[in-house]
Number of protein chains: 2
Amino acid sequence: MKLDDIDKRILRALQRDGRMANNDLAREVGLTPSPCLRRVKLLEEAGVIDRYVAMLNPAKIGKGQTFFTRIWLKAQDEDTIEHFAAEVAKLPEVLECYLMLGDCDAMVRVVAANIDAYRRFQSEHLSRIKGVQNVKTDVPSQTIKQTSEMPL
Amino acid sequence: MKLDDIDKRILRALQRDGRMANNDLAREVGLTPSPCLRRVKLLEEAGVIDRYVAMLNPAKIGKGQTFFTRIWLKAQDEDTIEHFAAEVAKLPEVLECYLMLGDCDAMVRVVAANIDAYRRFQSEHLSRIKGVQNVKTDVPSQTIKQTSEMPL
DNA sequence: ACAATCTTCGCAAGCAAATTGCGCCGAAGT
DNA sequence: ACTTCGGCGCAATTTGCTTGCGAAGATTGT
């Protein structure tokens, strides 16, 4: 899909505020409400806009700390990986999970209240997944930047 | 702030669909529209709901690949870190940046069209930031899970 | 145990915003 | 120069948001 300048302005605005009123959005991008809304619907149908979500403040719901954990599996065959992926999908504390090229086999991003809660999670859930050989956790001490806004 | 069961249902729903109509949300959580909207506003004012955003499909805007890069700095003094943070903040391709405890000094998450585009970005931008001594990139080959939904 | 108070609900009316159809204008192609 | 097509703006309709108010249930203090 081809995105012109107005489309990009719409996407930038909706990435900042996904609940912005269409009238305000229209004014910001230099259109009247109707063609503006039409473009938004087209962007949704084309899948450029995947979904709208509410972002919660992790600290306010007792999930203030993020942890990155690199994982090494005992083997890299399909069964081992499938099983690992299925188990990880069940854990709501795991927000992201990637299979990796190179050094480690997988990487997960976990949220928890603090490092003690995380250690418990790691030993009781992550390490117990069949096929997991070793894990190494990287702990952020400070967040410099955290956004979901794609560059356009 | 204390969250009862209805609040949690509201948060779960809005994390799935941040643009859900209040009428539908009310029906889903078992309230009429007015108290439901009141609760949503309270959750927003309390900062539990931080913001609403549109999530774009990275592949559809030429940012289909994610890269995790661990960074080692030449020094860990405040000036070096401040400067690094300021430079990273300017780079829209960097969606996340954390200072780390332990092994590396910082970790960034970068989006790019593909690995070639990323390599260019790394050598032209990341590595040129003053104070950056070494970088090591972890490349996801497959995304198993990727969500912004906090466990409640 | 009873009364006062506080909280949170549902209802209903008024209001604002989203949505749709239609005519118009400009760009591109013949 | 004429035709066609795409995209805009206007206006009417519908839909959903918003707010004030009275009632019901829970809680606290006497």
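This structure is a prediction, so every number in the text was calculated from the model and none was measured.
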J.: Among dG10(C), dG9(D), dA18(C), which nucleotide sits nearest the side chain of T32(A)?
T.: dG9(D)

J.: Verify the distance criterion only: is there a donor paired with an acceptor across the side chains of S148(A) and Q15(A) at less than 3.5 Å?
T.: no

J.: For C97(A), is there any backbone N or O sitting under 3.5 Å from a side-chain donor or acceptor partner on K145(B)?
T.: no

J.: What's the CG-C1' distance between L25(B) and dG16(D), to the nearest Å?
T.: 13 Å

J.: Please state how far atom CG in D4(B) lies from atom P in dG25(D), giving the value in whole angstrom units.
T.: 18 Å

J.: Rounded to whole angstrom units, what separation is found between the CZ atom of R39(B) and the P atom of dC17(D)?
T.: 17 Å

J.: Considering heavy-atom distances to DNA chain C, does S34(A) or S34(B) have its closest nucleotide positioned more toward the 5' end?
T.: S34(B)

J.: Do the side-chain N or O atoms of K41(B) get closer than 4.0 angstrom to the phosphate oxygens (OP1, OP2) of dT18(D)?
T.: yes

J.: Once you round it to whole Å, what is the distance between P of dT8(C) and CG of D7(B)?
T.: 9 Å

J.: Test Y118(B) against every option in T137(B), V111(B), V139(B) by the side-chain contact (heavy atoms from CB on, under 4.5 Å) rule and name the one that passes.
T.: T137(B)

J.: Write down the distance between CG (D5(A)) and C1' (dC8(D)), rounded to a whole number of angstrom.
T.: 17 Å

J.: Centre-to-centre under 6.0 Å for F68(A) and Y98(B), is that the case here?
T.: yes

J.: Write down the distance between CG (N22(B)) and P (dC17(D)), rounded to a whole number of angstrom.
T.: 5 Å

J.: Check whether any side-chain N or O of N23(B) sits under 4.0 Å from OP1 or OP2 of dT15(D), and answer yes or no.
T.: no

J.: Rounding to a whole Å, what distance do you find between R38(A):CZ and dG6(D):C1'?
T.: 11 Å

J.: Calculate the interatomic distance between L37(A) atom CG and dA17(C) atom P; express it in whole Å.
T.: 14 Å

